[in-house]
Amino acid sequence: MRIDIVTLFPELCDSFLSASILGRARAKGLFEAHCHQIRDYTRNKQKQTDDYPYGGGCGMVLYAQPIADCLRAVQAQCAAQGRARPHVVFLTAAGQPYNEETAKRLAQYDAVTLVCGHYEGIDERVIEAFGDEEISIGDYVLTGGELASLVVADSVLRLQPGVLAEEKGYQDESYWDGLLEYPQYTRPEVWEGRAVPPVLLTGDHQKIDAWRAAQSRARTRIRRPDLYERWCDTHPITDFPKWKRGENMRLVKTGEQWAAAAALFAEGRYAVCEEVFTPLYLDTLTPENCRAELLEEKRGGWAFYLHYTAGQADGMVGVCHKTGRITHLFVTSEARGKGIGAKMLEFARKKLPEHPHPTLTVLNTNTRALALYRRLKWRPAGVETVYDPAQDPTAAVYTEEWRLRYEG
Ligand code: ADE
């Protein structure tokens with residue numbers, strides 16, 4: 001691949017591309033990089049590259065001719081090497097947001113030319129005439145496009161074969177899977193009282209991979225809900241966790257089972273409400289009250305099921321044949337992260353074959369559950385209830401209870 005940077009600061013750009021990993025790869029000939037001085041293409045004595053903007057306003061604008069001539073020179077150099085016409089990218093704060101997907105796309109070109117703006121901007125006509133696309137590296141304004149062009153160059157060049165030779169894993173298509181990276185640790189094993197997560201010391205690579213994948217998902221869900229939502233949509237759960245021996249679902253019938261369901265309900269609802277409701281409500285979540293509520297719901301047509309692992313109740317779910325609704329999907333804190341929630345939800349859905357689009361509700365603060373539902377093809381279908389502290393003394397923060405509908 002050949003990268004050209006058209007800039008007022010070619011030395012700055014060149015020194016970056018000569019350092020560290022990229023510098024070594026460049027020296028080995030794994031890519032070619034050329035930085036061009038726009039000023040060299042001016043035709044005035046002062047070698048001025050900018051001019052006042054038409055229509056007034058502060059700042060100066062890079063005028064078209066030197067940039068155009070520089071780009072023609074780059075095109076001629078590429079043609080002389082037998083390369084196709086380079087793909088031309090202008091770096092401006094008004095461009096399309098940059099991300100890894102764009103980096104992957106740009107990495108497919110044989111030649112990419114990055115044009116750095118400076119001052120207040122670039123004459124729009126040269127962008128129109130030569131630009132294949134305009135890219136911004138983020139919602140902030142830089143004094144020039146150099147740093148942006150280096151960000152693009154770095155992220156594109158690291159994808160070239162051989163550039164990250166020691167780190168083959170990074171070349172793997174699945175590496176960037178739309179999730180943030182899991183946390184990394186190196187020696188010492190305990191640093192200032194902080195230990196490395198024990199799973200990383202087990203040598204069990206299946207366990208380590210599972211732990212890292214879970215960390216990536218959890219981080220992305222909390223730090224970048226936008227990315228996580230997209231990831232959930234593109235990674236539906238198709239491979240359901242398998243039912244294990246000693247694991248089953250039982251209809252709640254006996255007194256003991258009602259007591260187990262009430263305890264699960266109290267614990268589960270407390271966990272989802274703890275952050276968003278006041279003690280006025282939380283204090284009502286006793287097993288006795290929960291049992292009374294479940295029995296009342298049973299009279300209204302609900303059926304409840306308990307999930308057992310080796311004879312121990314560790315999950316519950318409720319279904320209503322009359323309305324096609326699912327409710328009270330809870331897993332004990334110890335049993336979380338084992339796929340029991342997903343299994344119970346599928347179980348509940350299959351109990352309602354007469355309802356192709358069952359519904360359920362979930363607090364919008366319960367991002368963990370929302371993520372699971374999304375991956376299981378449940379989609380928002382309106383707001384059921386609003387809990388507003390201004391009107392409701394039991395609400396600690398403004399929370400919405402969303403209705404979700406199965407769209408699988
Ligand atoms: N030039 C000035 N600000 C920029 C940004 N955010 N991205 C790309 N180029 C820029």
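Ligands are counted one by one from 1 in listed order, and the atoms in each one are counted from 1 as well.
Counting the atoms of ligand 1 from 1 in the order shown, those under 4.0 Å from a heavy atom of I135 are 8 (C). The ligand atoms of ligand 1 that sit less than 4.0 angstrom from a heavy atom of S136 are 5 (C), 6 (N), 7 (N), 8 (C). Heavy-atom proximity to L91, at under 4.0 Å, picks out these atoms of ligand 1: 9 (N).
A cation-pi contact, defined as under 6.0 Å to the ring centre and within 45° of the axis, links R349 to Y406. Taking the ring centre of Y308 as origin, the terminal cationic atom of R250 falls inside the region bounded by 6.0 Å and 45° from the ring axis.
For a threshold of 3.5 Å applied to N or O pairs, the pair formed by V141 and ligand 1 contains no separation below that value. Every N/O-N/O distance between G145 and ligand 1 stays at or above 3.5 Å.
Both the backbone and the side chain of A93 come within 4.0 Å of ligand 1, judged by heavy-atom distances. Heavy atoms of T143 found under 4.0 angstrom from ligand 1: none, in either backbone or side chain.
Counting only heavy atoms of the protein, atom 6 (N) of ligand 1 lies nearest to Y140 O, 2.8 Å. In terms of protein heavy-atom proximity, atom 8 (C) of ligand 1 is closest to A148 CB, 3.4 Å. Of the protein's non-hydrogen atoms, I137 N, 2.9 Å is the one closest to atom 7 (N) of ligand 1. Among all non-hydrogen protein atoms, the one lying nearest atom 3 (N) of ligand 1 is L142 N, 3.0 Å.
Not close to ligand 1: G95, with no non-hydrogen atom less than 4.0 angstrom away.
Between the side chains of T42 and N44, no donor N or O sits under 3.5 Å from an acceptor N or O. Using a 3.5 Å distance cut-off with no hydrogens or angles, the side chains of E384 and T361 do not pair a donor with an acceptor. If you check the side chains of Q77 and R2, you find a donor sitting under 3.5 Å from an acceptor.
Atom CD1 of residue I137 and atom OG1 of residue T92 lie 11.0 Å apart, to the nearest 0.5 angstrom.
Q108 is not listed as a side-chain neighbour of H87, based on a closest heavy-atom distance of 4.5 Å or more.
When each of F347, F330, W243 is tested with H307 by the rule ring-ring contact (aromatic ring centres under 6.0 Å, His included), just one qualifies, namely W243.
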